[in-house]
K.L.:
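Sharing a structure, written as C-alpha cells. Questions coming.
Below, chains carry the letters A, B, ... as their sequence lines are ordered, and counting in each starts from 1.
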Amino acid sequence: MTLADVLGTALASLRSNILRTLLTMLGIVIGIAAVITLTAASEGAQQGVGDQIRGLGSNLLFIRPGLEETDGIQLPGSGVSLFLEDSRAIEKANFEYIDAIAAQGTVGGPGDFIGAQAIYLGQNKSTMLLATEPSYPFVRDFYVDNGRFLTEEDLTKKSLVVVLGGDVADDLFDTEDPVGKTIRISVGAGPISIGFNFTVVGVMERRGASANTDQDDVIIVPMPTLQARISLIRDPRGRTNIDQINIKLKNRDEIDQAKEEIGQLLMALHAVDSPDFRIQSQSDILDTATQVERSLQVLVVSIALISLFVGGIGIMNIMLVSVTERTREIGIRKAIGAKRMDILWQFLIESIVVTTMGGALGVLAGVGATEIAERFNIGGDTQYVITPLWIMVGFAVAAITGLFAGVYPAWQASRLDPIEALRHE
Amino acid sequence: MISLTGITKIYTVGTQRVAALNGVDLEIEDGEFLSIMGPSGSGKSTLMNIIGCLDRQTEGDYMLDGVNVRRLVDNQLAMLRNRRLGFVFQSFNLLPRMSAIDQVALPLLYRGATNRKRAAAAALKLVGLEDRMDHKPTQLSGGQQQRVAIARSLVTRPAIILADEPTGALDSKTSMDVMAVFRSLNEELGITIAFVTHEHDVAYYTRRIISLLDGKVVGDERNVPSFERDGDETAHAPAAPASIAEAPS
C-alpha cells in the first residue's frame, strides 16, 4: 500500500462518519484556537506593557508608599506613608544628580473608593483627579497640547483651574474648544460628595493607556487646590498624603546612587529602620511587569495545553471505540490480504488526519477569534500579537497528540486475530 | 493444488484440550468444484480457516502450491490470502458505507495494484452487477450483496475461492442464482471452488463431496452435480451471466 492509498482509506472511513469525525476534531480545534488566541493576548499585553514602561523614560525614579497595596484600596491617612513634605525635603537636599521633582496625588483612580466626576453641560464623565505641580510635564515628558499647564501662581493662589487629559476633553467637549470653559468636578464616596467649579486652562497631549492607568483619562489640578478643597486626602497630622514622587535624574548612570541616598533620607524622615516606601526605576518596573506577564503567560499556555491534552484523550477514546466497533471490518480487511502494518497505518493515519485537520481548523479559528477580539475591542485596549511560533507549536502539539492518541488503538487493531475479528458481532 | 496431511487443530479451553480437527488428510486439485459437508461441530469451519490461511494447524502439514504454509510468517500469510485465496462468507462480510466497486477493489489495494477500478468493474460485470457499482451494501438485496462478495473474492484471480455457507442467508431462488455464479467461475475461469456447508442442496450441486465428522474425513465421493441430472428440479437453475467470458486482463 502506498501512502496515498493509506491516506485515501483513512479519509474514506473518516468521511463515512462525518459527524463523529467533526466532533472528535472539535476538541483539537478548540485547544489550538485557545493556544493561539490566549498566547496572542498575553504576547500583546507583554509587548504593550513593555512599550509603555519603556516610554516612561529611562532616567526616572518613582517613589511610592510601601503600604499602598492592600487590594489596591487606600484608606486616606491609614497606611499611607508618603507625604508632600517628603518631596519638599528631597528638593531641599539638593542632590546634584536630580534634574526635577514632581509630587502627585490622585483621587478617583482605579481601585479608589472615592470617585471623581467631571460635568460639563449635560455631559458627565467619571475620571481621575491628578494633583501635581508645574514641574510635572517636564519630569514625565508629558506636555500640554492646547492652552497652558499649571503655573506656580496657580499653586500659590490655590486656583480652581484644571488641565484635561485628551479623553476627558473629547468626552465632555467633543469638537468644542475646552480652554476657558468652566466644568464642575464632584468628588465623593457613595452619597457624600462635594462639587466645585473649575476653569479649563489646557488640554494634555495624547499618551495612551499605561499598565494600570489611562493617562488620557485624567484631570490635572494644582496640588494645593486639591489639598485645600478636598479634606478627604488630608492627613490627620496636617501632612499631605501623596501617591507618588516622580524624580527625573540628569543621568541614568546615577540611578543606583540616587535610590540609595534618597532612600536613606526618607527613612530618616519617617524615622524607620527599613523602607516604608518603594523606589523604582523604569527597569525595575519593567522587570516586575515582565515577570507578572511571564507567569500569566505560563498560566495561559498551560490552560490551553491542558485543553489540547483533553482533546487528545477524546481522540484516543474515540479511536479505541472505533477499533472495537470496526473489529469485523478489520477481520474482513485481514481476510482479503491486509497486513498488520496496513491496519496499523490505517488507524494511525486516521488519528493523525483528524488532529492535523483539527489543528488547521484550530489555527483558522484562533486567528479568526483574535481578529474578532481585536476588532470589537474585547479586553479593552489589549493588543493581540499572533506569533508564528505559537501557531507552529500548536500545530505540532496537535499532530503529536494524534500520533500518541492513535498509536495504542492502531496497535490493538493490527494485532487482532482475523478469525476472532470475523466472528465479532 | 492443496495437500493436507495429518492436520490436527487442538483448542485449549481452560485445562481441557478439544480437538476440532483430528488428522485430516485431503488433496484438492486445481479446478475442482467441491463441497465439505458436516454437521455443526464437525470441524468444517476450522478446516476452512486453515485452508484459507486464517488459522494455523496444531500439527500436520499444509502444502499450498508446493509451499509449506506452516513455515510462513504473518505477512506472508496475508500475502497468500490476498493473491491465492478468495473468501465468501455466509453473512457477506461487506464493509458498511462503501460502494460496491470500492469493496471489490479493496484486495487490489492491499496488493498495491494499479488500475484497480477497472479490474473491480470487470469483476462486478462477471457477477452481473455492472449496473450496481456505486451502490452501498444497504442499497443491495442479499443476493446482490453476496455477488459483490464473490466479485471481491475473484478480483485478484485467486487459485481457490472458499465459500462458507454462501447461501445460508439467502432464499432458495437467490441461492441457486449465486450457486450458478460460482459454477460459471469454476467452468469459465477454472477457479477451484470449495463450499463449506451443511446443506445437501449445496453439496449436491458440486462434483465432489467431502464429509467431515468429529474432526475426521468420513467420506469423500464423486458426485454428479444436480444441474447435470435430468428431471431434477434444480436443473432449471438460471444460466450464468453471458458476460462471463470477458475476463479482465
K.L.:
Under 4.5 Å heavy-atom distance to chain A, tell me which part of B:Leu94 shows up: side chain, backbone, both or neither.
P.N.:
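Backbone only.
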K.L.:
Mind listing the donor-acceptor pairs under 3.5 Å that bridge chain A and chain B?
P.N.:
from	atom 1	to	atom 2	distance (Å)
A:Asp5	OD1	B:Arg116	NH2	3.0
A:Asp5	OD2	B:Arg116	NH1	3.3
A:Ser16	O	B:Arg97	NE	3.4
A:Arg328	NE	B:Asn93	OD1	2.8
A:Arg328	NH2	B:Ser91	OG	2.7
A:Arg328	NH2	B:Asn93	OD1	2.8
A:Arg333	NH1	B:Tyr110	OH	2.7
A:Lys334	O	B:Arg81	NE	2.8
A:Lys334	O	B:Arg81	NH2	3.3
A:Ile336	O	B:Asn82	ND2	2.8
A:Arg340	NE	B:Asp74	OD2	3.4
A:Arg340	NH2	B:Asp74	OD2	3.2

K.L.:
For B:Leu54 versus A:Pro418, what's the shortest heavy-atom pair and its separation?
P.N.:
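B:Leu54 and A:Pro418 have their closest heavy atoms at CD2-CB, 3.8 Å.
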K.L.:
So which atom in B:Ala78 and which in A:Ala338 form the shortest heavy-atom distance, rounded to 0.1 Å?
P.N.:
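Heavy atoms only, the tightest pair is CB-O, 3.8 Å.
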K.L.:
Between atom CG of B:Leu85 and atom CD1 of A:Ile336, what is the distance when rounded to the nearest 0.5 Å?
P.N.:
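The CG atom of B:Leu85 sits 12.5 Å away from the CD1 atom of A:Ile336.
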